[in-house]
Amino acid sequence: MVQEKKLVQDVSGWLRVYDDGSVDRTWTVPPEVKFMAEPVSPHEQFIDGIATRDVTIDQNSGLRARIYLPEEENPKFPIILHFHGGGFCISQADWFMYYQFYTRLAKSIPAIVVSVYLRPAPENKLPAACDDGYAALLWLKSLSKGESNEPWLNTHGDFNRVFLIGDSSGGNIVHEVATRSGFIDLNPLRLAGVIPIHPGFVRAQRSKSELEQPESPFLTLDMVDTFLALALPNGCTKDHPITCPMGSFAPPIETLSLPPLMYCVAEKDMIKDTEMEYYELLKKANKDVELFISTEMGHSFYLNKIAIDTDPVTAAQTGELIEGIKVFINKH
């Protein structure tokens, strides 16, 4: 008789882990909400001014990325390398929540967006997702040197204006990849700027905002605690350098060679206090950083298409965020 596997953890309806090590990432929400976490197929024909394709970055590892190409006539577009969120445990580059925002961003700037399919934990513990992000940047470097070829990027991409952007835990990967890139020669690629949006910077000890700010569909205390426990190397706490770059286990910010930053924080984000700790350290270290605060908004609000369509404040704040990113990229 086959023994039934037992549920070990259920994280806020997003992820279930079983005693045999298997993981179920079916999002258990009402059907009318589920579309946001459904994959969108790539389309190489232009739809609403954007074409998309999936490419394999590394034949050996199977690492892939989704490319968003704007239709506009432009000799060369800046390139935005994107790392999705999900607490290192859930979501992927082709989900609708990213598609709806990054098609809009690519078209607004205009820019080519390259979104990496990051390996998820707990099957792939950190630093796996950071390694994937870094491998994607090195792939862009190889394209810039003519050592490899991707037609959309080699024809339309400006490798002198490469930016990193990341949502939530993707913001942690932005910091990690930017830090690593400071130790190598990327030429002829230039890392022109980085944009962490609501990064998952936390500490083992609860912050005031974690205790006081309301939970949101995209961030609960359960998600903060359990996703990071599943993602971090065994025996590590949230004070690990990837989740706490402002902590004592991380290299001091002043020793890092970082490009200009547009640092995005939501006023009602549960992890705002620790996000702001990182910002204060950047300022103290005289880094080139611009703070962008979305008032009245919670964590990753701009990915919530239902709120964008039904709430004028969320819609307006999402528009302002896109405009802010556009201004930052056009400056650099």
Side-chain angles (χ1 to χ4, degrees), residues 65-68 70 77-86 93 97-98 100-116 118 129-130 133-134 136-137 140 157-182 186 189-201 218 242 245-246 253 256-267 269 271-272 275-276 278-279 281-283 287-294 297 299-303 317-332:
R66 169 152 297 190
I67 305 176
Y68 297 81
F77 298 108
I79 299 168
I80 303 173
L81 183 60
H82 170 242
F83 310 128
H84 65 73
M97 66 173 68
Y98 302 115
Q100 63 88 19
F101 183 77
Y102 284 96
T103 49
R104 191 173 160 190
L105 185 68
K107 192 173 164 183
S108 297
I109 292 172
I112 298 174
V113 174
V114 179
S115 183
V116 187
L118 303 164
C130 300
Y134 187 56
L137 181 63
L140 290 180
D158 180 356
F159 291 96
N160 194 45
R161 295 179 67 214
V162 174
F163 297 82
L164 307 180
I165 194 168
D167 323 286
S168 191
S169 57
N172 301 55
I173 299 170
V174 166
H175 170 82
E176 184 71 15
V177 173
T179 298
R180 292 188 198 182
S181 72
L186 286 171
L189 181 148
R190 181 175 75 99
L191 189 56
V194 298
I195 309 164
I197 310 179
H198 314 164
F201 296 154
F218 290 158
I242 293 174
M246 59 283 180
I253 298 284
L256 306 180
S257 175
L258 297 171
L261 295 99
M262 175 184 172
Y263 191 64
C264 303
V265 173
E267 186 184 25
D269 197 331
I271 55 173
K272 184 181 82 168
E275 289 173 339
M276 288 303 293
Y278 176 83
Y279 169 72
L281 285 177
L282 290 171
K283 291 293 286 180
K287 300 301 181 189
D288 181 352
V289 56
E290 298 173 26
L291 179 63
F292 186 95
I293 296 181
S294 298
M297 292 292 107
H299 192 79
S300 297
F301 69 90
Y302 57 95
L303 298 178
Q317 288 291 336
T318 301
E320 286 183 27
L321 176 61
I322 288 171
E323 186 58 29
I325 295 169
K326 178 180 178 175
V327 168
F328 177 79
I329 286 176
N330 287 338
K331 253 198 318 206
H332 297 90

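Going from atom CD1 of Ile329 over to atom OG of Ser108 covers 10.5 Å, rounded to the nearest 0.5 Å. Remark: Arg190 CZ to Phe159 CZ distance equals 14.0 Å, nearest 0.5 Å. For the atom pair Leu191 CG and Leu258 CG, the distance stands at 9.5 Å (nearest 0.5 Å). Here CD of Glu275 is found 5.0 Å from OH of Tyr263. Values are rounded to the nearest 0.5 Å. Taking CG of Asn160 as the start and CG of Asp158 as the end, the distance is 5.5 Å to the nearest 0.5 Å. The OH atom of Tyr134 sits 7.5 Å away from atom CZ of Arg180, with the distance rounded to the nearest 0.5 Å.
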Original post:
Passes side-chain contact (heavy atoms from CB on, under 4.5 Å), Tyr278 versus Leu261? Steps please.
Top reply: CA-CA 12 Å; Tyr278 176 83; Leu261 295 99; 4.1 Å; yes
Original post:
Would Val114 and Ile79 satisfy side-chain contact (heavy atoms from CB on, under 4.5 Å), going step by step from the backbone distance to the final call?
Top reply: CA-CA 7 Å; Val114 179; Ile79 299 168; 4.1 Å; yes
Original post:
Does the pair Ile80 and Leu164 meet the rule for a side-chain contact (heavy atoms from CB on, under 4.5 Å), with working shown?
Top reply: CA-CA 6 Å; Ile80 303 173; Leu164 307 180; over 6 Å; no
Original post:
Yes or no on side-chain contact (heavy atoms from CB on, under 4.5 Å) for His175 and Ile253, after CA distance, side-chain angles and deciding distance?
Top reply: CA-CA 10 Å; His175 170 82; Ile253 298 284; 4.2 Å; yes
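Phe301 places a side-chain heavy atom less than 4.5 Å from the side chain of Thr318. Looking at Leu137 and Leu189, their side chains come closer than 4.5 Å, going by heavy atoms from C-beta outward. Using a 4.5 Å cut-off on side-chain heavy atoms (C-beta onward), Leu291 and Met276 make contact. Contact check for Ile109 versus Arg104: no side-chain heavy atoms found under the 4.5 Å cut-off. Considering only heavy atoms from C-beta on, Val174 stays 4.5 Å or farther from Pro199 through its side chain. Considering only heavy atoms from C-beta on, Phe83 comes within 4.5 Å of Leu118 through its side chain. Residues Gln317 and Tyr302 have side chains not in contact (no heavy-atom distance under 4.5 Å, counting atoms from C-beta outward). Residues Ile173 and Ile242 are not in side-chain contact: their nearest non-hydrogen atoms beyond the backbone lie 4.5 Å or more apart.
With sequence neighbours left out, His299 forms a ring-ring contact (aromatic ring centres under 6.0 Å, His included) with His198. By the ring-ring contact (aromatic ring centres under 6.0 Å, His included) test, Phe328 is found to be paired with His332, residues two or more places apart in sequence or in another chain being considered. With sequence neighbours excluded, the residues forming a ring-ring contact (aromatic ring centres under 6.0 Å, His included) with His82 are Tyr98, Tyr102, listed by chain and number.
Between Phe163 and Pro78, the shortest heavy-atom distance links the atoms CE1-CB, 4.2 Å. Cys130 approaches Val177 most closely through the heavy-atom pair O-CG2, 3.9 Å. A pairwise comparison of heavy atoms in Ser115 and Tyr68 identifies CB-CE1, 4.2 Å as the closest pair.
Counting non-hydrogen atoms of other residues, nucleotides and ligands closer than 6.0 Å to NZ of Lys331 gives a total above 12.
No donor-acceptor distance shorter than 3.5 angstrom exists from the side chain of Asp167 to the backbone of His84, with no hydrogens or angles considered.
With Pro260 as reference, Asp288 is the one residue of Ile195, Val289, Asp288 to meet the side chain to side chain contact (heavy atoms under 4.5 Å, CB included) rule.
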